[in-house]
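Presented below is the structure to which this report refers.
For clarity, every value in this text was computed on a predicted model and none was experimentally measured.
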Amino acid sequence: MKIDLTETTSSKINKALVQGRRAVGTPAIGMVLTLVIVTDEENAYDALKAANDASREHPSRTLVVIKRVSRSPRDRAKARLDAEVRVGTDAGTGETVILRLYGDVIDHAQSVVLPLLLPDAPVVVWWAVNAPAAPAQDPLGALAQRRVTDAYAAEQPIHELSTRAETYTPGDTDLSWTRITPWRSMLAAALDQAPCTVTSAEVEGEEFNPSCELLAMWLADRLNVPVTRKVSGGPGLTAVRMESSSGAIVLDRPDGSLATLSMRGQPDRAVALKRRDTSELLAEELRRLDPDEIYARALKFGVDRLGHGNGEQPAAGENAAAESGPAKPAAKKAAKKAAAK
């Protein structure tokens, strides 16, 4: 069921939500959180589709905030709010409100969103595009327990990681980090199987891909070894190679779907490492609302401290063990526990 409201208010939107629930025969509210999506008109459809798919696992009230650009000074001075309320099959397993803001109300989006939040339920804000430099200081971000960005959608993805590190606040996360969860799990499991000491590593992937940089920073921070970043044609991450006392450990994924894990003394194994849709990434992030300390440590390691395939070696991680040199068995355990989080 869809209800269109023109030049409306938050109070009228709440009444429309109640009306819609009664019309479809579901007066009870069974949603677990409020998901606020900040996007533009161009990307609204894809962002909303991803949220609806993720709502099958996390029934939620989804508020889509679209800030419309006014062309004339007269239009910019006129505040206006249009809304589209969706309930039932048109809104996945929850409720959806699409908010289009015009004029002065664009600068006060939090005043529109606040009355529409579910009572006593956590709030997650996701910037599908154009995330602020400091999400926690944004008026909408201040309402949330969890703030999700995507450095891959930025014009300068690698520079975006540096900005995220400078402004990090507990509760911040990025879908570029979520994309490497299967890689971290597989690498940690491989290190757990191999009784060896890792001495160096190399991460290979597309240029300007923040997930590749984050994986390299995670390895450098957790293992306290030099990590080199190598550029390939993609798609996405293509390979990770770790040199160890018992030989090379290689996780190679040339086609973006099926990877091969190679370790000395063991047969090669095929591993499913398919590139995941945005809905899967979003669903994973909605499973946890506590601060991700492992992401924070990897992010703050610093992109500029990675080697870049020219013999340059980064300094040892600030957060790593005090001693320098090869990673110790305890570091391997830390990497395994970090990937499991």
Side-chain angles (χ1 to χ4, degrees), residues 1-39 44 47-48 50-67 79 81-101 105-128 131-132 135-149 169-173 279 282-292:
M1 180 179 181
K2 296 182 182 180
I3 303 173
D4 291 322
L5 302 171
T6 304
E7 296 189 23
T8 187
T9 63
S10 298
S11 176
K12 292 178 181 178
I13 294 171
N14 269 319
K15 291 179 180 178
L17 285 168
V18 175
Q19 175 188 343
R21 285 197 300 269
R22 288 175 177 170
V24 298
T26 56
I29 298 179
M31 291 160 286
V32 298
L33 57 88
T34 302
L35 173 63
V36 180
I37 304 174
V38 186
T39 184
L48 186 54
N52 285 344
D53 291 343
S55 73
R56 297 185 185 126
E57 183 176 339
H58 308 279
S60 59
R61 173 174 289 178
T62 302
L63 307 177
V64 184
V65 178
I66 302 174
K67 300 179 180 181
L81 170 64
D82 293 344
E84 180 182 329
V85 177
R86 302 180 182 180
V87 294
T89 56
D90 292 315
T93 59
E95 298 173 341
T96 298
V97 181
I98 301 174
L99 304 165
R100 290 183 171 87
L101 282 58
V105 74
I106 287 177
D107 299 325
H108 305 281
Q110 73 279 7
S111 300
V112 176
V113 168
L114 186 58
L116 301 176
L117 301 179
L118 289 172
D120 302 322
V123 179
V124 178
V125 176
W126 170 35
W127 288 270
Q137 297 176 21
D138 182 85
L140 285 174
L143 300 175
Q145 287 76 38
R146 192 80 162 160
R147 296 165 293 276
V148 184
T149 57
T169 301
D172 291 355
T173 190
S279 59
L282 187 60
E284 179 182 326
E285 282 302 333
L286 295 179
R287 289 181 200 133
R288 61 176 301 169
L289 298 173
D290 58 313
D292 191 340

### Query
How many angstroms lie between CG in D172 and OG1 in T149, if you round to the nearest 0.5 Å?
7.0 Å
### Message
Could you check whether any side-chain heavy atom of R61 comes within less than 4.5 Å of a side-chain heavy atom of L17, counting everything from C-beta outward?
### Response
yes
### Query
How long is the gap from CG on L117 to OG1 on T34, to the nearest 0.5 Å?
5.0 Å
### Query
Would R146 and D292 satisfy side-chain contact (heavy atoms from CB on, under 4.5 Å), going step by step from the backbone distance to the final call?
CA-CA 10 Å; R146 192 80 162 160; D292 191 340; 4.2 Å; yes
### Message
Once rounded to the nearest 0.5 Å, what's the spacing between atom CG of N52 and atom OG1 of T96?
### Response
5.0 Å
### Query
To the nearest 0.5 Å, what is the distance between OG (S55) and CG (L48)?
9.5 Å
### Query
So do I13 and L116 actually touch side chain to side chain, heavy atoms under 4.5 Å?
yes
#### Entry: Heavy-atom closest contact (V65 atom, A109 atom, distance)
CG1-CB, 4.3 Å
### Message
Let's go through V112 and L114 carefully: what are the C-alpha distance in whole Å and the side-chain angles of both, what is the deciding distance for side-chain contact (heavy atoms from CB on, under 4.5 Å) to 0.1 Å, and is it a yes or a no?
### Response
CA-CA 6 Å; V112 176; L114 186 58; over 6 Å; no
#### Entry: Under 3.5 Å donor-acceptor, R56 side chain and P59 backbone
no
### Message
Working note: L63 + I98, criterion side-chain contact (heavy atoms from CB on, under 4.5 Å); need CA distance, chi angles, decisive distance, verdict.
### Response
CA-CA 6 Å; L63 307 177; I98 301 174; over 6 Å; no
### Message
Is there a side-chain contact between R86 and M1 in this structure, where contact means two heavy atoms from C-beta onward sitting under 4.5 Å apart?
### Response
no
### Task
Check the surroundings of atom NZ in K67: do more than 12 heavy atoms from other residues, nucleotides or ligands lie under 6.0 Å from it?
yes
### Task
Taking only Lys NZ, Arg NE, NH1 and NH2, and the carboxylate oxygens of Asp or Glu, determine whether R287 and E285 approach each other closer than 4.0 Å.
no
#### Entry: Non-hydrogen side-chain atoms of L118 and L33 separated by less than 4.5 Å
no
### Query
What is the minimum heavy-atom distance between A16 and L5, and which atoms define it?
CB-CD1, 4.0 Å
#### Entry: Considering all heavy atoms, the nearest A51-L282 contact
CA-CD2, 3.9 Å
### Task
Look only at the side chain of R147 and the backbone of W127, and say whether a donor-acceptor pair between them is shorter than 3.5 Å.
no
### Task
Would you mind reporting whether L140 and V38 have side-chain heavy atoms less than 4.5 Å apart?
yes
### Query
Mind checking whether P135 and V125 have side chains closer than 4.5 Å, heavy atoms only?
no
#### Entry: Shortest non-hydrogen contact between S279 and A54, atoms and distance
O-CB, 3.9 Å
### Message
As an exercise, state the distance from CD of E84 to CG of D4, rounded to the nearest 0.5 Å.
### Response
5.0 Å
### Task
Check step by step if side-chain contact (heavy atoms from CB on, under 4.5 Å) holds for L143 and Q110.
CA-CA 8 Å; L143 300 175; Q110 73 279 7; 4.2 Å; yes
### Message
With a 4.5 Å cut-off on side-chain heavy atoms, are V148 and L286 touching?
### Response
no
### Task
Look only at the side chain of H58 and the backbone of V32, and say whether a donor-acceptor pair between them is shorter than 3.5 Å.
no
### Message
Taking the side chain as everything from C-beta on, heavy atoms only, tell me whether V36 gets closer than 4.5 Å to V123.
### Response
yes
### Summary
Here the gap from K12 atom NZ to Q19 atom CD, rounded to the nearest 0.5 Å, amounts to 13.0 Å
